[in-house]
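One structure is given here, and the rest of the page talks about it.
Lettering of chains follows the sequences in order, A, B, ..., and the numbering in each one begins at 1.
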Amino acid sequence: MEILTKLVKQTEEALNQLYGLDEIDVSFEQTNSKFNGDLTLVVFPFLKFSKKRPEDTAEEIGNYISNQLDEIKAFNVVKGFLNIEFSDKYWLNASKNRFEEGIQVPKIGDNKKIVIEYSSPNTNKPLHLGHVRNNVLGYSICQIFDAVGYEVVKNNLVNDRGIHICKSMIAYQKWGNNETPESSGLKGDHLIGKYYVKFDQNYQKEIQELVSNGIDKEEAKEKSSLMVETRDMLQKWENGDLGTVTLWKQMNNWVYEGFEETYKRLGVSFDKIYYESDTYLLGKEIVQEGLKSNVFFKKEDGSIWIDLTPEGLDEKIVQRSDGTSVYITQDIGTADLKYDEFKMDKFVYVVGNEQDYHFKVLQLILKRLGKSYADGLYHLSYGMVDLPEGKMKSREGTVVDADELMDEIVATAKKQTEELGKTDGMSSKELTELYEVLGIGALKYYLLKVDAKKRMMYDPKESIDFQGNTAPFIQYTYTRIASLLRAAEKVDFKLPKVLNPVEKDLIKLISNYPNVITSAANNYNPSEVSNAVYELAKTFNKFYHEHTILGEQDHNTRGFRITLSNMVGETIKHGFNLLGIKVPDRM
RNA sequence: GGCUUCGUAGUUCAACGGAUAGAAUAGAUGUUUCCUAAACAUUAGAUCCAGGUUCGAUUCCUGGCGAGGCUACCA
């Protein structure tokens, strides 16, 4: 916003001329909608220099700058607030520039690379609502960084090995009867999930039996024959036992086929996938190097630690006494691997906030190791999704399954659409696609409109409501515009002389939109985009209701309103694309 | 216990330290001979408590109350 720079400069000059002030931070904010004006300067900070009442100080500054800038039509003073109002001509020109140039997003990430790791599923069970928030958030952040000019690597680290996978494998071996996705009619990930649950049920039963025979609960957990077999299987896997590895590959492949379907329906994708089975041994050499350089130290039992008490944390283990890695060891190794491969400027982990401590430690360790890339680490820590009944708990079967969730919300979209009956003449293929666009859009928007960092509540009843601050509301606004543009012929027109208030509001929102994107990138927060798009859609509906567009008699006003509508539509589509949500042409 | 995040209308969410705390939904009422009423308009309704910093605090600090997370040689 060119004008803002000029305004700040003039204000600094005014403060200098009037009160002899130098090097003062001047910043304007959007004028509160209850007052007249476009931008507002708060003058309270200058009072001790002006030694005048707030009203008089604001008046003086207002007089000074409005004489210097002819974009300023008027100003008014309310207490210590100086509200600046730009001329209609200024706003009309702004809209003209925007129309001619398209949406210009400041490229704050030019020549920079960012690796964004998200999704990162375990291959022992299907995805649930929590994963959906992760995926939708991760994908949107990728889109946003791409829009501001970063080269983005969408990265997934699949947790495909370990004790939890072995649990499913043991259960499958025991009770699977060679069941396959084909024979069972189950999606691969759901099939494996079934055996994971089966394992746990039998495991719990076994523990109870042991406990009733007078064995301590902790001991029972260790002694359970199922657990012994599972640990044995992990050992075999690590030794490369052919039978174990073959089964492991088979079962993982089923899961991947299942995930692929879910990812596709959610509209997320990846440029680079790491598998933990390839990376879990990484980091050990780095631990040895760190030991030599005294970043780490060894205890008597042979385990290796880092002392983070100077940073206010505690001691953290990086290698067990038996020489095997812990989780953070792998993460150190994988960070190094990423840097070797991509030489990225930033790398982001989209991971829930229960791992805040883990990532704090990881970054500290990388810094202590002197890794040049350590400062580029960012943990996009998002809050858990709670249900009205409380937390999701797999044990208690309150987990909301991702595939079922999508089925339900798409079914709702279908039902709603049919009830409204506005889709005459659309083919069944078009309709199926429309229901997906509306249903999946509603789900994604529901998850993205909340600040990513915050914990949120998922209420199934509310999520299928398509009124108000929802994707279908915004999509509906878009289709109104699309329909309008279909009916409008292309005409030349001159800019009108005056604007009505809603038109001006629309231009303001459209002009400010690129700043919203850079802010969303800086804050790793897609909800800033969703809020801006919602505000725009709401304002457009008001405009649409209050003013006729195609029926407008004045040639220039009519042309201008059509163009304005077009820009609103483009902005909605652009914003929704950043959220990973599609827009329909009809609904 | 230690560390950490969060307490805003009945409910779900907004608000770079700034004006009279915004929306949505649920509640009450109204608007279709007119570009899609999945819309628009009117109405009622909230900052957990007590101190402090500041010209100004939902926002920053301290203490209390309440909720979540972390605190494994698990991942």
Side-chain angles (χ1 to χ4, degrees), chain A residues 27 29-35 40 42-45 47-48 54 78-81 83 122 159 161-164 276 280 299 301-305 312-314 317-328 330-331 352-358 360 381 383-384 386 388 390-391 413 416-417 419-420 422-423 438 442 446 449-451 453-459 461-463 465-477 479-488 519 523 527-528 531 534-535 537-538 540-552 561-562 565 586-587:
Chain A
S27 70
E29 52 194 82
Q30 302 273 335
T31 300
N32 185 309
S33 58
K34 282 174 293 211
F35 300 90
T40 293
V42 182
V43 304
F44 291 111
L47 297 185
K48 54 184 159 207
V78 183
K79 289 189 274 183
F81 297 86
N83 301 318
N122 287 345
N159 191 344
R161 52 138 254 131
I163 197 84
H164 48 290
E276 215 182 279
Y280 81 106
K299 289 195 176 174
D301 62 2
S303 57
I304 303 176
W305 297 71
L313 307 177
D314 48 16
I317 191 160
V318 293
Q319 194 175 96
R320 297 189 186 102
S321 50
D322 64 5
T324 56
S325 307
V326 292
Y327 187 58
I328 203 148
Q330 293 176 47
D331 270 353
N353 63 10
E354 75 275 17
Q355 293 195 36
D356 284 355
Y357 179 72
H358 175 80
K360 211 187 249 178
S381 160
M384 295 291 102
D386 292 325
K391 284 190 63 174
Q416 287 265 342
T417 308
E419 276 171 13
L420 289 167
K422 301 184 192 175
T423 52
L438 295 175
Y446 188 92
K449 72 178 172 183
V450 181
D451 186 338
K453 292 183 287 295
K454 293 189 179 164
R455 211 168 133 197
M456 68 174 291
M457 168 82 80
Y458 179 84
D459 186 342
K461 281 197 290 291
E462 199 191 312
S463 74
D465 187 356
F466 293 166
Q467 261 86 41
N469 189 0
T470 65
F473 168 86
I474 296 166
Q475 288 165 324
Y476 174 72
T477 311
T479 59
R480 276 182 150 179
I481 294 169
S483 144
L484 208 106
L485 294 175
R486 278 194 295 270
S519 174
N523 298 322
S527 75
E528 293 184 32
N531 288 341
Y534 172 58
E535 190 64 30
K538 210 161 50 121
F540 182 81
N541 278 322
K542 186 182 162 82
F543 167 65
Y544 184 91
H545 186 258
E546 286 177 2
H547 303 281
T548 182
I549 298 164
L550 295 178
E552 169 60 37
R561 285 182 181 167
I562 292 169
S565 304
R586 283 185 62 185
M587 65 188 273

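Residue contacts for A:Lys453: at a heavy-atom cut-off of 4.0 Å it reaches no nucleic acid atom on any strand shown. Within 4.0 Å (heavy atoms only), A:Pro54 reaches no atom of the nucleic acid at all. Among the atoms of the strands shown, none is found under 4.0 Å from any heavy atom of A:Asp386. At the heavy-atom level, A:Gln355 lies under 4.0 Å from base atoms of the strands shown. Counting any heavy atom pair closer than 4.0 Å across all strands shown, A:Leu47 reaches no nucleic acid atom. Using a 4.0 Å heavy-atom criterion, one finds that A:Lys48 contacts no nucleic acid atom at all. No contact: A:Asp331 has no heavy atom under 4.0 Å from any strand. Heavy atoms of A:Tyr327 sit under 4.0 angstrom from at least one base atom.
The same atom, P, is picked in B:rU32 and in B:rU12; the two are 36 Å apart, to the nearest Å. Rounded to the nearest Å, the gap between the C1' atom of B:rA46 and that of B:rA24 is 15 Å.
For the pair A:Arg320 and A:Asp322, the salt-bridge criterion is not met [side-chain N within less than 4.0 Å of a carboxylate O].
Summarising the base pairing, B:rG56 is matched to no nucleotide, lacking a Watson-Crick or G-U wobble pair whose two defining distances lie under 3.5 Å. With a 3.5 Å ceiling on both atom-pair distances, the Watson-Crick or G-U wobble partner of B:rG51 is B:rC61. Nucleotide B:rA15 is matched to nothing when pairs are restricted to Watson-Crick or G-U wobble geometry with both distances under 3.5 angstrom. Searching all strands for a Watson-Crick or G-U wobble partner of B:rG1 with both distances below 3.5 Å returns B:rU71. Across all strands shown, B:rA46 forms no Watson-Crick or G-U wobble pair with both distances under 3.5 Å. Remark: B:rU31 base-pairs with B:rA39; criterion is Watson-Crick or G-U wobble with both hydrogen-bond distances under 3.5 Å. Here B:rC6 sits opposite B:rG66 as a Watson-Crick or G-U wobble pair (both hydrogen-bonding atom distances under 3.5 Å).
Closest to the side chain of A:Tyr534, from the set B:rA23, B:rA67, B:rA75, is B:rA23. Looking at the side chain of A:Glu462, the nearest of the listed nucleotides B:rU12, B:rA39, B:rA75 is B:rU12. Proximity note for A:Asp465 (side chain, C-beta onward) versus B:rU25, B:rA19, B:rG69: the nearest is B:rU25. Counting only heavy atoms from C-beta on, A:Lys538 has its side chain closest to B:rC40 among B:rA75, B:rU20, B:rC40. Relative to the side chain of A:Glu354, the nucleotides B:rC70, B:rA75, B:rA15 differ in distance, and B:rC70 lies closest. Set against B:rA14, B:rU20, B:rA39, the side chain of A:Phe35 has B:rU20 as its closest nucleotide. The side chain of A:Phe81 sits closest to B:rA19 out of B:rU25, B:rA19, B:rA75. Counting only heavy atoms from C-beta on, A:Val326 has its side chain closest to B:rA75 among B:rA75, B:rA14, B:rA67. Out of B:rC35, B:rA41, B:rA37, the shortest distance to the side chain of A:Lys542 is found at B:rA41. Nearest to the side chain of A:Lys34, among B:rG18, B:rA21, B:rC35, sits B:rA21.
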Working for side-chain contact (heavy atoms from CB on, under 4.5 Å), residues A:Thr417 and A:Met587: CA-CA 7 Å; A:Thr417 308; A:Met587 65 188 273; 5.8 Å; no
One pair to check against side-chain contact (heavy atoms from CB on, under 4.5 Å): A:Phe81 and A:Thr31. What are the steps and the verdict? CA-CA 9 Å; A:Phe81 297 86; A:Thr31 300; over 6 Å; no
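Residue side chain A:Thr40 reaches the base of B:rA19 through a donor-acceptor N/O pair under 3.5 Å, judged by distance alone. With hydrogens and angles ignored, no donor-acceptor pair under 3.5 angstrom links the side chain of A:Asn469 to the base of B:rA14.
Residue A:Gln467 has a polar side-chain atom (N or O) positioned under 4.0 Å from OP1 or OP2 of B:rA39. Between A:Arg455 and B:rG7 there is no side-chain N or O to OP1 or OP2 distance below 4.0 Å. Note on A:Lys449: every side-chain N or O is 4.0 Å or more away from OP1 and OP2 of B:rA24.
Side-chain polar atoms of A:Tyr280 and A:Ser325 form no donor-acceptor pair below 3.5 angstrom. Under 3.5 Å, the side chains of A:Asn541 and A:Arg480 contain a donor-acceptor pair of N or O atoms.
Atom-to-atom distance recorded for A:Leu550:CG and A:Leu484:CG is 4.5 Å, nearest 0.5 angstrom.
With hydrogens and angles disregarded, a donor-acceptor distance shorter than 3.5 Å links the side chain of A:Tyr446 to the backbone of A:Asp459.
Sequence order on RNA chain B of the closest nucleotides to A:Asn531 and A:Ser303 puts A:Asn531 first from the 5' end.
One can place CE of A:Met457 at 9 Å from C1' of B:rU11, the figure rounded to the nearest angstrom.
Between the side-chain ring of A:Phe473 and the base of B:rA39, no stacking contact exists by the 5.5 Å and 30° definition.
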